Amino acid sequence: MSSTIQVDNIKDIGGNTMISSNGSGTFTNSLPAPTSGIAASAIDSGTIATARLGSGTASSSTFLRGDQTYAAAGGITAASQWRLTTNFSGVSSANPIASNWELSDTTGYGSLGSNMTESSGIFTFPSTGYWHIWAVINFYINGQSLYNSCAIMATVNNSSYANATDCYTSINTSGTGYASASGDFIFDVTNTSTHKVRLDTAIQNNGTTVQGSSIDLRTGMTFIRLGDT
Amino acid sequence: MDINGRENHIEDYLVTVRLGQWFGWSDSKNKIYENLIVYDGGSKPTEQECNNGLATLQTIYDDELSKKETDKASGNAKLKALGLTDDEIKAIKS
């Protein structure tokens, strides 16, 4: 046995329309939205609008934090590598190594994000943040040079530079001997106009040659942005 | 220069001409004489000077190497003449 109730309007006891129909299959639901009692498992299709999940701007470079705020995505966003292209010799120091720098372009090389910029041996950061800086200098001499340094120099006022690293190596051979000195530094760059770095060297025997190459890195610096300051 | 220290490019000569970073290359991927640039306002060596300078450095290297080999052979011969065995010569060198 079957039966049918046919109406176009269902009202509550006070005469308020709860559900109505136009008679052609279109219904208007006037019931209040439920505020509880809906299981998450009941949402089993479609995509929830990002604006319903948190405040801020949702994009491919943001993520949703636990406080329901969209924030810039973490992780490394900038990295680049510079190298000296040409040898030089005959000096007891270079403060800084001022010329013949180039952005690495060895086959397979890739910068991440914005590159550092260089002018007369002074390196400028493309953005503020915590930056990891690694530097290496390769030396050779036929003979003896007891100290050969790799010094990352940093300034926070675009004027006075101080040693951030001062690492040494020594060569003492009967033929031509090679050695490299390297060091690294984490720099909190709060202002890209005032916070800069350069690479210096001090050499005991000025017959020592500092190696440069445009093919591979022999003397150079690597910059990796670790995160926001 | 090569890994043994023998000069093999005019850049090896140029670093001996003046002090510091006085020169560079307009195309660092193509370090030929025509691309040599001077930063310090000094004179630019001629191509002939560069070639001759490199050749001189190579001759010095080769002569030193040759002398070393000659001295080694001569030293060994003298030790043998003194009556040392090969094992004894080896032992005093180690």
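Source: prediction; values computed, not measured. A note on names: the letters A, B, ... follow the listed sequences, proteins ahead of strands, and every chain is numbered from 1.
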>> At a 4.5 Å cut-off on heavy atoms, which part of S99(A) comes close to chain B: side chain, backbone, both, or neither?
In response: both

> Of the backbone (N, CA, C, O) and the side chain (C-beta and beyond), which part of R6(B) lies under 4.5 Å from a heavy atom of chain A, both, or neither?
Replying inline: neither

> Distance from E7(B) atom CD to T176(A) atom OG1, nearest 0.5 Å?
Replying inline: 7.0 Å

>> Is it the case that over 12 heavy atoms from other parts of the model lie below 6.0 angstrom from the CD1 atom of I48(A)?
In response: no

>> Taking CD1 in I215(A) as the centre, count heavy atoms belonging to other residues, nucleotides or ligands within less than 6.0 Å. Is the count above 12?
In response: no

> Taking atom types as modelled, is there a side-chain donor on S214(A) or S28(B) under 3.5 Å from an acceptor on the other?
Replying inline: yes

>> Does any backbone or side-chain atom of N142(A) lie under 4.5 Å from a heavy atom of chain B? Answer side chain, backbone, both or neither.
In response: side chain

> Under a 4.5 Å heavy-atom cutoff, which of K29(B), R18(B), K68(B), E64(B) has the most pairs with chain A?
Replying inline: K29(B)

> Is it the backbone or the side chain of I97(A) that comes under 4.5 Å from a heavy atom of chain B, or both, or neither?
Replying inline: both

> Roughly how far, to the nearest 0.5 Å, is the CE atom of M1(B) from the OH atom of Y178(A)?
Replying inline: 5.5 Å

> Taking atom CD of E34(B) as the centre, does the number of heavy atoms from other residues, nucleotides or ligands within less than 6.0 Å exceed 12?
Replying inline: yes

> Of the options T209(A), V210(A), T86(A), which is the one that meets V15(B) in a side chain to side chain contact (heavy atoms under 4.5 Å, CB included)?
Replying inline: T209(A)

> Is the number of heavy atoms from other residues, nucleotides or ligands under 6.0 Å of K78(B) NZ greater than 12?
Replying inline: no

> Does any heavy atom of chain B fall under 4.5 Å from the side chain of L84(A), the backbone, both, or neither of them?
Replying inline: side chain

> Hey, which of S213(A), A98(A), A94(A), G207(A) has the most heavy atom pairs under 4.5 Å with chain B?
Replying inline: A98(A)

>> Please check: side-chain N/O of Q21(B) versus main-chain N/O of F88(A), any donor-acceptor pairing under 3.5 Å?
In response: no

> Which answer fits Q211(A), side chain, backbone, both or neither, if we ask what part of it has an atom under 4.5 Å from a heavy atom of chain B?
Replying inline: neither

>> Restricting to non-hydrogen atoms, name the atom on K31(B) and the atom on T85(A) that form the minimum distance, rounded to 0.1 Å.
In response: NZ-O, 2.6 Å

> What part of D2(B) is in contact with chain A, defined as an atom under 4.5 angstrom from a non-hydrogen atom: side chain, backbone, both or neither?
Replying inline: backbone

>> At a 4.5 Å cut-off on heavy atoms, which part of D12(B) comes close to chain A: side chain, backbone, both, or neither?
In response: side chain

> With a 4.5 angstrom heavy-atom cut-off, which part of D105(A) approaches chain B: side chain, backbone, both or neither?
Replying inline: side chain

>> Please check if the number of heavy atoms outside K44(B) that lie under 6.0 Å from its NZ is greater than 12.
In response: yes

> From N100(A) CG over to F23(B) CZ, what is the distance, rounded to the nearest 0.5 angstrom?
Replying inline: 7.5 Å

